[in-house]
Amino acid sequence: MTLWLRRLVLAGALSVLGIPPLSAQTVFFTDTFTDTASTSLSSHTPNSGGTWAQTGGPGGGWRITDANRVRANDIFWMVFSSSIQAPSADATITGVIRRLTNVNWIGVGGRGNTSDARMYGCLLGSNTLYLQELDSIAGNTELGTYAASLANDTDYTVTLTMTGTTIKCFLDGVERISATDATLSAAGSVTVFGFNHGGNPVSTNTTDHHIDSVQGTVTGSSNRLSLVNVGR
Amino acid sequence: MRVVLLVTLALLGLSAPSEAGFYLVPICTNCGMPPGTKPKYFADSPELVNVSRTSAYYDTFAVVSADLTPDQHNFLVSQPDVLAAESLDTNLTKAQAGRLQSYLASHGAPSPWVSMVDTYRSAFRRLAWMGQVMQLFHYRDGRLFSGRIDHRTRLAELHPDYREWFVGSAAGMQLTVEGLTDDTTLEEALKFWSDQRSHVPFQFSGGGL
């Protein structure tokens, strides 16, 4: 029995048994921020193509670091949205955040608007993980927080999942915040954002929280996907 | 079953799994960092710094789920503008319903929603879901209840744009809007929609309402 036929039979058997098909994640956006040091994020091209555009906050920009990460470069809050839209509102955004020192706040978001700073985001800083509905017009809303014990010089994986009105933040793969919010229902872009308190020092290549990579995925059916490349 | 679990854990020298408490807490706008609307006291009181919480907002107050220590709980409920849910799933006593109605009335929410046929769970769930309608409205055009608009305002008295956005916010949440008339008050509309969601769980960290 050929591979594709076996998969088809398996899918049928699972369906008869009432077991949903295994789901697979389809990556629609990736950026590892690999570029020349000091390149501005607006001039940087993500691995999956497209561009980053600043959609919130005053000037100042973000910069690629000498370790191929991205960091804030000013004392203000800032939001950048990717030009590539998620194919579905139900999406997962995963960021790896390097905490060099604890100074300001940085995060990754989804369902972002490419014209203004409206989105859901998971934010790391001050030994706390935050889930926010960010809105530069109506104002931000804190949906939840999780008190974490974070160490310097450590990578943390922060994951935002958006399924209908259920919005969650995971820290290193463990669900930490789960909330209900109906404000943003449309598919949108991947975002990176940060807050820099006016009294805090500006990030440098060796201080603060930096984003090492960000990825956007949506869930698809592995049965359907597995038939795409069998090459009959 | 929970008693058996607690005894088993005690015999094993383990602590019981904590259960989050639910509270009604006034909101605080842009207090502390990162900026945003947050529940008061959680945002700015040393007693509650770094407490994990989840919030759903209803205009001027929030339904907050938080796993507090006894000291933190006592601090929070000692605040005059905070109300804590007691047993979530037993019907409200006359005194509890009265306290909840007073809280809602003093915070601009329709108090007739709550009666002794409610539990804290059903009452808080209604508030959380209806807060979503107002969050959607807020997203489009700021606060609904401001100026001359209150819960007794009839739909016909709203500016046509406001009416469209208000009803559209509910429709956007797949709530039924047929049956509303010009004479329907905002309170009646919110009650009508909250009835449609009264049995739909509302997700918070560590569980829901």
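Naming: A, B, ... by sequence-line order, numbering from 1 per chain.
Contact check for A/V158 versus A/L171: side-chain heavy atoms found under the 4.5 Å cut-off. Using a 4.5 Å cut-off on side-chain heavy atoms (C-beta onward), A/N127 and A/R99 make contact. Within the 4.5 Å cutoff, the side chain of A/I106 has no heavy atoms near those of the A/H210 side chain. Within the 4.5 Å cutoff, the side chain of A/E142 has heavy atoms near those of the B/P39 side chain. You'll find the side chain of A/T55 stays beyond 4.5 Å of the side chain of A/N113, heavy atoms only.
Contact of B/Y57 with chain A is made through the side chain alone, with heavy-atom distances under 4.5 Å. With a 4.5 angstrom heavy-atom cutoff, B/V51 touches chain A only via backbone atoms. Both the backbone and the side chain of A/Y146 come within less than 4.5 Å of a heavy atom of chain B. Both the backbone and the side chain of A/T141 come within contact range of chain B, each with at least one heavy atom under 4.5 Å from a heavy atom of that chain. Heavy atoms closer than 4.5 Å to chain B are found nowhere in A/I167, neither backbone nor side chain. With a 4.5 angstrom heavy-atom cutoff, A/D181 touches chain B via backbone and side-chain atoms both.
B/N50 and A/T128 form a side-chain donor-acceptor contact under 3.5 Å, judged by distance and modelled atom types alone. A donor-acceptor contact closer than 3.5 angstrom links the side chains of A/S40 and A/S43.
Interface check for chain B: of the options A/N196, A/T180, A/L143, A/L131, the most heavy-atom pairs under 4.5 Å are formed by A/T180. Contact count versus chain A (heavy atoms, under 4.5 Å) is highest, among B/K38, B/M33, B/R53, for B/R53.
In this structure, B/P34 and A/W105 approach most closely via the heavy-atom pair CD-NE1, 3.7 Å.
Residues of residues 125-133 of chain B lying under 4.5 angstrom from chain A, judged on non-hydrogen atoms, are B/W129, B/Q132 in numerical order.
Between the CG atom of B/L100 and the OG atom of B/S102 there is a distance of 9.0 Å, given to the nearest 0.5 Å.
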**Request:** Decide side chain to side chain donor-acceptor pair (under 3.5 Å) for A/T163 and A/T166; before the verdict, give the C-alpha distance in whole Å, the side-chain angles of both, and the deciding distance to 0.1 Å.
**Result:** CA-CA 5 Å; A/T163 309; A/T166 300; over 6 Å; no

